[in-house]
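Along the sequence shown, residues are numbered consecutively beginning with 1. Just so you know, these numbers use all the heavy atoms, side chains as well, and skip hydrogens, waters and symmetry mates. Remember, it's 1-based here, ligands and their atoms both numbered in the order they're listed.
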Amino acid sequence: MSTKYIFVTGGVVSSLGKGIASASIGALLETQGVKITIQKFDPYINVDPGTMNPYQHGEVYVTDDGTEADLDLGHYERFTSLNLSKDSNHTTGKIYHTVITKERRGDYLGKTVQVIPHITNEIKRRIAHFGKKRNIDVVISEIGGTVGDIESLPFLEAIRQFKTDIGKENVLYIHLTLVPYIKAAAELKTKPTQHSVKELQEIGIQPDILLCRTEKSLSKDIRAKIALFCNVNEDSVIQAKDVKSIYEVPLMFHKEGLDKIILKKLGMRPRKENLAKWERIVDIIKTSEKKVTIAVVGKYIDLRDAYKSISESLVHGGIANKVCLDVKWVDAEKLVSNGADKYLTGVKGILVPGGFGDRGIEGKVMAIQYARENNIPFFGICLGMQCAVIEFAKNVLKLEKANSSEFDKNSPHPVIDLMLDQKNVDDKGGTMRLGAYPCIAKKGTLLNKIYGKTRIKERHRHRYEFNNNYRQQFEKSNFIFSGLSPNKKLVEVIELNNHPWFIAVQYHPEFKSKPDNAHPLFREFIKAAMEKG
Ligand code: GLN
């Protein structure tokens, strides 16, 4: 059978959860034994989100092959069995870059290079890439942005053409829309959905299925009205009601019959049906009563998307321990002004996440000192590990003004320094130490116990590292270098000898955690927090 293609578009407003919807569609199809992949098309001109501020774009997700990608790829990997790569995230920047490179090479000699057909052809080539290359039943392509944006037009034009190119029986358009509840009228309103579908129809796309985000249940009448005005079957108006946990979405879609409708419309038969994994996850989320409070001390706490994978991994750690998580997001700068006690008294675990730039560093260092001195389980990630090194250098080794050379070029003790192979790098895009690298855990360490093995592979995104000139000095004072790169030159993991649970990693374990298979570091961190009592 030929590969089938599902396109997911969004209308009315942004932030409706197109990424979670696409991931949930992928998850549902996997429960039916369908082999899928998911990819994201982002209409912005940056080549990738790696150079963007998290305030603009949320977290930068990193795949095994070192691609700096949209955070939706995190949802795709967490919800499914996929391990994605550079082929799974396409931007206007990448697409134009390819076309312009070809133009300079003379591939279009004699022709005027235009949005249609050259840009749209490149988009279509990328859509079809997985179908052609691998043995995949369904390729799900999420189109970023909202229908009506100027930037997304070439993508919508390309997906319109795609159906004509490969045959209507192989393509399905799913549109995510909003059905707002107007309190004053006590009514759900369908007009915004009608308008956004009309906008798609003007471009030549007739959605096959509508996913309707709503606070209240859609009555039969409302469904019938949407179906009539939007030209879709009534059973293809799918209610996507607000749920407490994103991991409820696949089962909710299943109850609405979405999997059956998709397969029917694509002329496919389910190979099996196995929803057990999702039933187990949702059951634990709904029945866990005991609470554990974890503080995350960062600088983007008013924008949780910046720490998306970390907050999801904490949830996974909670599921693994059958406990409800109460995550306290602490602003590192406020911690400096008001003192650590105000925010950290009573918390059972402290996590300091990754980041760039010196804002908030002092507060993160204070939080780590608090965790170290009060025997509170501490988990540092990337910049969080670097801050743990700075804290130890300052407060235990008494190395005055110890710092990372990222924050103080003239520090007399640059305990964190630029990696050797970063010294001559000028370009900012895609030049960090990126992607999966091996790390060897020292036998008998906490790290070794947590993973249950010595050979680890984790994803990285950093330019700075522990400065080896200080290794001996640290080692003499209960500081353990428990994880090193295979050539022993890069410090990957540190821990403390005289503390119940203190571990910090240079890599990003949060990119490899799943709801049904929590990353061991998150699982054990939550366990240690629970044991704190
Ligand atoms: N800014 C630090 C570095 O580049 C940490 C990076 C991170 O936390 N991802 O090394």
Side-chain angles (χ1 to χ4, degrees), residues 48-55 57-64 66-71 73-74 296-301 303 305-311 313 332 350-365 367-368 378-391 393 402-409 411 414-437 439 458-468 470 483 485 489-494 503-513 519 521:
D48 61 44
T51 53
M52 275 189 241
N53 187 316
Y55 280 113
H57 195 264
E59 161 187 285
V60 176
Y61 192 74
V62 181
T63 52
D64 269 348
T67 302
E68 294 177 286
D70 184 76
L71 61 77
L73 270 75
V296 177
V297 184
K299 69 172 173 178
Y300 301 113
I301 48 116
L303 180 92
D305 267 3
Y307 301 121
K308 194 86 222 162
S309 293
I310 288 185
S311 63
S313 301
I350 296 175
L351 188 153
V352 176
F356 296 82
D358 63 354
R359 189 168 66 80
I361 293 298
E362 197 187 337
K364 291 175 187 177
V365 168
I368 296 167
F378 169 74
F379 184 12
I381 294 180
C382 207
L383 179 66
M385 173 204 134
Q386 299 176 352
C387 286
V389 169
I390 296 168
E391 192 279 323
N403 213 331
S404 162
S405 45
E406 180 180 1
F407 315 127
D408 180 3
K409 294 254 169 317
S411 165
V415 285
I416 301 292
D417 203 6
L418 200 59
M419 277 182 280
L420 208 59
D421 50 9
Q422 288 284 332
K423 301 242 165 172
N424 296 318
V425 173
D426 291 325
D427 280 358
K428 290 281 179 273
T431 55
M432 281 185 248
R433 178 169 181 249
L434 289 166
Y437 285 95
C439 158
E458 294 282 3
R459 300 179 187 175
H460 295 69
R461 181 171 185 252
H462 64 121
R463 284 187 210 284
Y464 293 81
E465 61 165 333
F466 183 86
N467 182 342
N468 285 329
Y470 291 88
S485 58
K489 290 204 170 132
L490 294 179
V491 171
E492 296 277 18
V493 188
I494 58 116
I503 192 162
V505 297
Q506 183 59 77
Y507 50 78
H508 290 274
E510 72 272 25
F511 295 146
K512 278 173 73 172
S513 187
H519 189 288
L521 277 163

**Study point:** Nearest-contact summary for atom 3 (C) of ligand 1 - protein heavy atom, Å
**Key:** Arg463 N, 3.5 Å

Study note, to complete from the structure: In ligand 1, the atoms that come under 4.0 Å of a heavy atom of Gly354 are 8 (O)

Point to revise | Per-atom contacts of ligand 1 with Cys382, taking only distances under 4.0 Å to non-hydrogen atoms | key: 5 (C), 6 (C), 7 (C), 8 (O), 9 (N)

Point to revise | Closest candidate by heavy atom, reference atom 2 (C) of ligand 1, pool Glu406, Met385, His462 | key: Glu406

Check your understanding: Of the options His460, Arg461, Lys512, which is the one that meets Tyr507 in a side-chain contact (heavy atoms from CB on, under 4.5 Å)?
Key -> His460

Exercise for review: Name the closest protein heavy atom to atom 10 (O) of ligand 1, giving the residue it belongs to and the distance to 0.1 Å.
Suggested key: Tyr464 N, 2.8 Å

Practice item. Quick one: do Ile368 and Ile350 satisfy side-chain contact (heavy atoms from CB on, under 4.5 Å)? Show the steps, please. Key: CA-CA 8 Å; Ile368 296 167; Ile350 296 175; 6.0 Å; no

Point to revise | Plane angle bin for Tyr307 and Tyr300 - parallel if under 30°, tilted between 30 and 60°, otherwise perpendicular | key: tilted

Revision key, fill the gap. Candidates Gly355, Gly380, Ser404; heavy atom nearest atom 5 (C) of ligand 1 found on Gly355

Exercise for review: Determine, stepwise, if the pair Arg433 / Glu492 fulfils salt bridge (Lys or Arg N to Asp or Glu O under 4.0 Å).
Suggested key: CA-CA 12 Å; Arg433 178 169 181 249; Glu492 296 277 18; 3.0 Å; yes

Practice item. Using the salt bridge (Lys or Arg N to Asp or Glu O under 4.0 Å) rule, take Glu406 and Arg463 through it: C-alpha gap first, then chi angles, then the decisive distance, then the call. Key: CA-CA 9 Å; Glu406 180 180 1; Arg463 284 187 210 284; over 6 Å; no

Exercise for review: Identify, by atom number and element, the atoms of ligand 1 in contact range of Arg461, meaning under 4.0 Å from any of its heavy atoms.
Suggested key: 6 (C), 7 (C), 9 (N)

Check your understanding: Is the shortest N/O to N/O distance between Gln506 and ligand 1 below 3.5 Å?
Key -> no

Exercise for review: For the pair Gln386 (side chain) and Ile416 (backbone), establish whether a donor and an acceptor sit closer than 3.5 Å, ignoring hydrogens and angles.
Suggested key: no

Review point. For ligand 1, is His508 a contact, meaning one of its heavy atoms is under 4.0 Å away?
Key: yes

Review point. Do His519 and Glu458 have side chains that get closer than 4.5 Å, going by heavy atoms?
Key: yes

Point to revise | Region of Gln386 engaging ligand 1 - heavy atom pairs below 4.0 Å | key: side chain

